[in-house]
Amino acid sequence: MAFLGYTHEQLPKWVKKVEQFPVVLYILKWVLIGTLVGGLTGIGSALFLWGLHWATEWRGGHQWIIFALPAGGFLIGACYHYLGQSVVKGNNQLLDEITKPNRIIPLKMAPLVTVATIATHLFGGSAGREGTAVQMGGAIADQFTKIFKLDKYDRKILIITGIAAGFSSVFGTPLAGAIFGLEVYIIGRMRYEAIFPSFFTAIVANYATHHVGHYFGISHTEYLIPTEVIPEMTLENLLLCVLAGVAFGLTGMLFSKANHFWGNLFKSKVSYPPLRPVIGGLVLAIFIVILNFNHGFDYANYDLKYFGLGVPVIVDSFTTQMDWYDFLMKTLTTSFTLGAGFKGGEVTPLFYIGSTLGSFLSTHISLPVALLAGMGFVGVFSGATNTPMACTMMGIELFGAPSAVFIAVACITAYMFSGHTSIYNSQIVGSPKHVGQDNEKGSTLSEIDVIRAAEKKHIEQHDKDKKGNDE
């Protein structure tokens with residue numbers, strides 16, 4: 001571990017004799033780096049949120065733009081094909097660089113994903129925003145590797161701080177952002193040596209976004225679970241939380257698999273990458289028209305509740321019981337949008353999916369609609385990203401401590417029931433979710449898919465051979 005180019009062995013003997021002195025140097029180093037990374041990422045997130053707000057407002061007043069989805073898709077696809085080949089893996093690239101350091105993440109990742117995400121929302125695609133902020137934070141952070149002459153060990157921590165800063169600043173949840181950075185790249189494990197840099201940078205980033213956003217009139221959405229509706233945690237309610245968590249985990253798994261399904265389908269069927277979002281955009285535009293059949297081509301009155309960020313629907317789900325198909329429709333539109341090659345995050349759509357599912361479940365589970373919506377909000381996210389601790393903390397930051405126990409049970413149960421799936425295929429299994437998966441420890445989720453496919457093929461061939469011998 002180095003301090004601005006100096007390893008622990010190169011430090012003076014009198015420094016190494018005092019146990020806390022290296023800690024002081026470590027703190028000072030990461031205060032400096034964290035302030036720079038957090039400050040720049042926070043400012044970038046504020047500008048991104050402003051751009052996203054502008055795109056959403058403009059589309060709301062000019063809904064004819066949805067018919068230009070194919071053209072928007074081509075522009076996004078062409079930009080990444082001709083300018084962004086080195087950053088096309090997005091969030092997975094950040095995780096790869098933490099676990100298997102290869103090369104500095106190009107800074108162009110930040111402007112490319114920012115512009116592409118705003119364009120996706122401008123034209124009416126269904127996507128989120130966390131992926132953009134996380135990639136922005138990771139790309140900005142990694143530029144300081146050479147500036148401060150950091151070794152591979154410190155570079156891993158640096159990328160973690162960038163992820164934490166991006167997540168914290170875009171959602172206004174510094175504690176959840178810090179834990180997310182520590183938790184996301186390896187399932188079931190955390191790197192505690194990165195705990196101070198991650199928390200410090202996340203807090204700085206949130207501070208910067210809050211103050212710069214205030215200047216632009218941008219603020220984070222507030223969600224409410226009224227304290228008076230939260231029941232006592234009885235044995236019955238505990239079991240109901242587990243039941244809801246099972247539904248959230250399975251839904252998180254469904255979303256992950258749908259994401260990968262559409263992505264793989266487009267890659268296998270369309271060889272020219274810029275053409276994928278063109279086809280996807282055309283299908284989405286037709287789908288919007290079908291959903292609004294009663295309005296004909298009166299596009300100004302089209303209902304686009306399953307497209308864009310969907311924040312108004314999320315807010316409504318805390319007070320209004322949603323339909324059973326709302327979460328499925330958002331799963332379809334978002335996974336298809338991202339699979340086709342449009343850019344954006346998955347987390348805000350996961351909030352939509354989880355809150356609407358939780359709201360609907362209140363018809364069958366005797367818990368308050370607001371509480372179930374909040375549990376689903378972070379529960380499905382937990383299942384789809386394998387980050388139960390970050391999601392629990394996010395629930396506490398967004399909804400308050402009174403709901404903490406309900407939130408925690410839902411997030412942990414969802415994590416257990418989503419299996420070894422994720423929206424991030426580069427996650428490594430550090431601690432399997434149950435003993436029957438010990439053989440998958442140390443593998444990435446994409447490698448596990450290959451291993452399972454090979455095992456399935458081997459079993460099928462064995463059964464076929466056995467059947468032939470019996471005959």
Side-chain angles (χ1 to χ4, degrees), residues 48 52 55-56 66 69-70 72-81 84 87-95 109 112-136 166-167 170 184 251-270 273-285 287-288 304 306-310 327-354 380-381 383-385 421-427 445-446:
F48 166 61
L52 208 57
T56 302
I66 59 175
L69 263 167
F74 179 77
L75 292 174
I76 293 169
C79 280
Y80 267 83
H81 182 63
V87 296
V88 73
K89 289 183 67 178
N91 289 342
N92 284 310
Q93 187 168 343
L94 301 182
L95 304 189
M109 174 184 272
L112 269 176
V113 73
T114 300
V115 172
T117 301
I118 291 174
T120 295
H121 286 274
L122 177 66
F123 289 100
S126 177
R129 54 193 174 188
E130 120 289 338
T132 305
V134 165
Q135 290 173 50
M136 182 194 302
F167 192 96
V170 82
V184 69
T251 302
M253 181 175 69
L254 172 65
F255 181 86
S256 298
K257 288 185 176 294
N259 248 17
H260 301 314
F261 169 79
W262 290 117
N264 293 334
L265 182 66
F266 273 97
K267 288 176 184 176
S268 64
K269 299 297 183 181
V270 185
L275 190 57
R276 295 168 193 163
V278 173
I279 296 171
L282 180 62
V283 173
L284 287 170
F287 188 53
I288 292 172
L304 300 178
Y306 302 122
F307 296 85
L309 280 175
F327 80 96
L328 291 173
M329 292 294 287
K330 189 64 174 178
T331 297
L332 175 62
T333 57
T334 301
S335 60
F336 187 87
T337 296
L338 298 177
F342 286 90
K343 296 301 175 181
E346 300 93 347
V347 173
T348 302
L350 285 169
F351 293 162
Y352 181 119
I353 294 164
V380 173
F381 173 33
T385 60
T421 61
S422 174
I423 57 176
Y424 309 128
N425 259 342
S426 291
Q427 282 184 320
L445 296 181
S446 58

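Atoms considered below: every heavy atom in the structure, side chains included; atoms not considered: hydrogens, waters and symmetry mates.
- Under the 3.5 Å distance criterion, the side-chain polar atoms of H260 are left unmatched by any main-chain donor or acceptor of F255.
- Distance check, rounded to the nearest 0.5 Å: CG of N91 to OG of S422 gives 10.0 Å.
- Y424 is listed as a side-chain neighbour of E346, based on a closest heavy-atom distance under 4.5 Å.
- Here the shortest heavy-atom pairing between Y80 and L112 reads OH-C, 3.6 Å.
- Side-chain contact, S256 with T421: no donor N or O sits under 3.5 Å from an acceptor N or O.
- Residues L94 and M109 are in side-chain contact: their nearest non-hydrogen atoms beyond the backbone lie under 4.5 Å apart.
- At least one side-chain heavy atom of R276 sits under 4.5 Å from a side-chain heavy atom of K267.
- Looking only at distances, a side-chain donor or acceptor of E130 sits under 3.5 Å from a matching main-chain atom of V347.
- Between F266 and F261, the ring center distance fails the sub-6.0 Å criterion.
- The side-chain heavy atoms of T334 and L338, taken from C-beta on, include a pair separated by under 4.5 Å.
- At distances below 3.5 Å, at least one donor-acceptor pair connects side-chain atoms of N92 with backbone N or O atoms of S426.
- How far CG of L445 is from CD1 of I423: 11.0 Å, rounded to the nearest 0.5 Å.
- For the pair V270 and L265, the minimum side-chain heavy-atom distance is 4.5 Å or more.
- The shortest non-hydrogen separation linking P277 to G73 is CG-O, 2.9 Å.
- Neither side chain, K343 nor T132, offers a donor N or O lying under 3.5 Å from an acceptor on the other.
- Considering CZ of F307 and OG1 of T120, their distance stands at 13.0 Å, rounded to 0.5 Å.
- No donor-acceptor pair under 3.5 Å is formed between the side chain of R129 and the backbone N or O of T348.
- Listed for the T333 side chain is a donor-acceptor partner under 3.5 Å among the backbone atoms of Y306.
- The shortest side-chain heavy-atom distance between I288 and L69 falls under the 4.5 Å cut-off.
- Rounded to the nearest 0.5 angstrom, L95 CG and N425 CG are separated by 10.0 Å.
- Once rounded to the nearest 0.5 Å, the distance linking CD1 of I353 with CZ of F381 reads 12.5 Å.
- Side-chain contact check for I66 versus L284: every heavy-atom pair is 4.5 Å or farther apart.
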